[in-house]
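Remarks on the structure that follows.
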Amino acid sequence: MSDVLNDELAYQILEIVNEIPEGKVVTYGQIAGMIGRKNNSRLVGKVLSKAEYYGDYPCHRVVNHNGRLAPGFEMQEALLKSEGVILKDNGHVDLKKYQWNI
DNA sequence: ATTTTGACACTCT
DNA sequence: CAGAGTGCCAAAA
């Protein structure tokens, strides 16, 4: 068992990430706003980096506001394509079509 | 306690 | 659309 989830902050973020529908993506800023840290999107990314350590979460569905994927996480591209998300030639996601809104 | 770093966002160029 | 600069908050050293 991991007592890591003692971090309420991470718990809320992971809850949201776990609710992201397939074929959709969310920006760190959106999640940050959902948990009440709208000015602190970095914290979201930091937690997601440890997301696999917390458990099994679709962290690959989270991108930055530019539609860019996470560095050091190339598998993310394959996972998104597997869900039907078409990436641009630059590796950017088409947020206009795939951004998840609550 | 202060400084540095981080899977970012926003504005201007 | 991409790059550079600035701002925000929190954890780690």
Side-chain angles (χ1 to χ4, degrees):
Chain A
M1 271 300 279
S2 16
D3 41 327
V4 200
L5 285 177
N6 279 352
D7 295 330
E8 199 175 307
L9 194 61
Y11 186 74
Q12 293 175 90
I13 295 172
L14 295 171
E15 275 283 285
I16 295 168
V17 173
N18 196 34
E19 294 296 303
I20 304 175
E22 298 176 5
K24 290 283 182 183
V25 298
V26 189
T27 67
Y28 297 99
Q30 277 185 288
I31 298 179
M34 293 180 201
I35 65 175
R37 272 94 175 161
K38 52 186 178 201
N39 295 40
N40 201 9
S41 36
R42 301 182 176 180
L43 190 53
V44 180
K46 197 179 291 199
V47 172
L48 286 182
S49 71
K50 290 149 56 173
E52 7 178 27
Y53 179 68
Y54 291 130
D56 222 22
Y57 293 94
C59 39
H60 60 267
R61 292 186 192 138
V62 187
V63 299
N64 64 18
H65 84 107
N66 227 355
R68 192 75 182 90
L69 306 185
F73 201 162
E74 301 197 7
M75 190 167 46
Q76 186 177 22
E77 181 186 320
L79 289 165
L80 288 171
K81 286 167 75 176
S82 256
E83 299 187 346
V85 177
I86 309 302
L87 288 131
K88 293 185 159 182
D89 203 22
N90 295 15
H92 289 178
V93 178
D94 200 337
L95 294 174
K96 294 164 64 166
K97 297 176 180 245
Y98 301 115
Q99 185 165 39
W100 180 50
N101 58 352
I102 312 302

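Chain A is the first sequence line, chain B the second, and so forth, proteins listed ahead of strands; every chain is numbered from 1.
The nearest whole Å value for the distance from the CG atom in L80(A) to the P atom in dA7(B) is 18 Å. Distance, Y53(A) OH to dA7(B) C1': 18 Å, rounded to whole Å. One interatomic measurement links the two molecules: CD1 of I13(A) to C1' of dC9(C), which rounds to 12 Å at whole-angstrom precision. Taking atom CG of N66(A) as the reference point, atom C1' of dC10(B) lies 11 Å away to the nearest angstrom. Protein atom CG of N40(A) is 13 Å distant from nucleotide atom P of dA7(B), rounded to whole Å. Between the CD atom of Q30(A) and the P atom of dC10(B) there is a distance of 10 Å, given to the nearest Å. Atoms OH (Y54(A)) and C1' (dA7(B)) sit 13 Å apart, rounded to a whole Å. Between the C1' atom of dA7(B) and the OH atom of Y57(A) lies a distance of 17 Å, rounded to the nearest Å.
Close to dC1(C), at under 4.0 Å from its OP1 or OP2, lies a side-chain N or O of K88(A). Regarding contacts with the backbone of dA2(C), a side-chain N or O of H92(A) is found under 4.0 angstrom from either OP1 or OP2.
Toward the 5′ end of DNA chain C lies the nearest nucleotide of R42(A), the other residue of the pair R42(A) and K46(A) mapping further downstream.
Nearest nucleotide to the R37(A) side chain, out of dC8(B), dA10(C), dA7(B): dA10(C). Checking dC10(B), dA7(B), dC9(C) against every side-chain atom of A70(A), the shortest atom distance belongs to dA7(B). Residue N39(A) places its side chain closer to dC9(C) than to any other of dA7(B), dC9(C), dA9(B).
No more than 12 heavy atoms of other residues, nucleotides or ligands sit less than 6.0 Å from atom CG of D56(A).
To the nearest 0.5 angstrom, Y57(A) atom OH is 11.5 Å from I13(A) atom CD1.
Within 4.0 Å (heavy atoms only), L43(A) reaches sugar-phosphate atoms of the nucleic acid but no base atom.
Under a hydrophobic clustering in which Ile, Leu, Val, Met, Phe, Trp and Tyr are joined whenever their side-chain heavy atoms come within less than 4.5 Å, directly or via other members, I16(A) and V93(A) fall into different clusters. No continuous path of ILVMFWY side-chain contacts below 4.5 Å connects V25(A) to I31(A), so the two sit in separate hydrophobic clusters.
Residue-to-nucleotide contacts include a donor-acceptor pair under 3.5 Å from the side chain of Y28(A) to the base of dA7(B).
A donor-acceptor pair under 3.5 Å is formed between the side chain of Q76(A) and the backbone N or O of A70(A).
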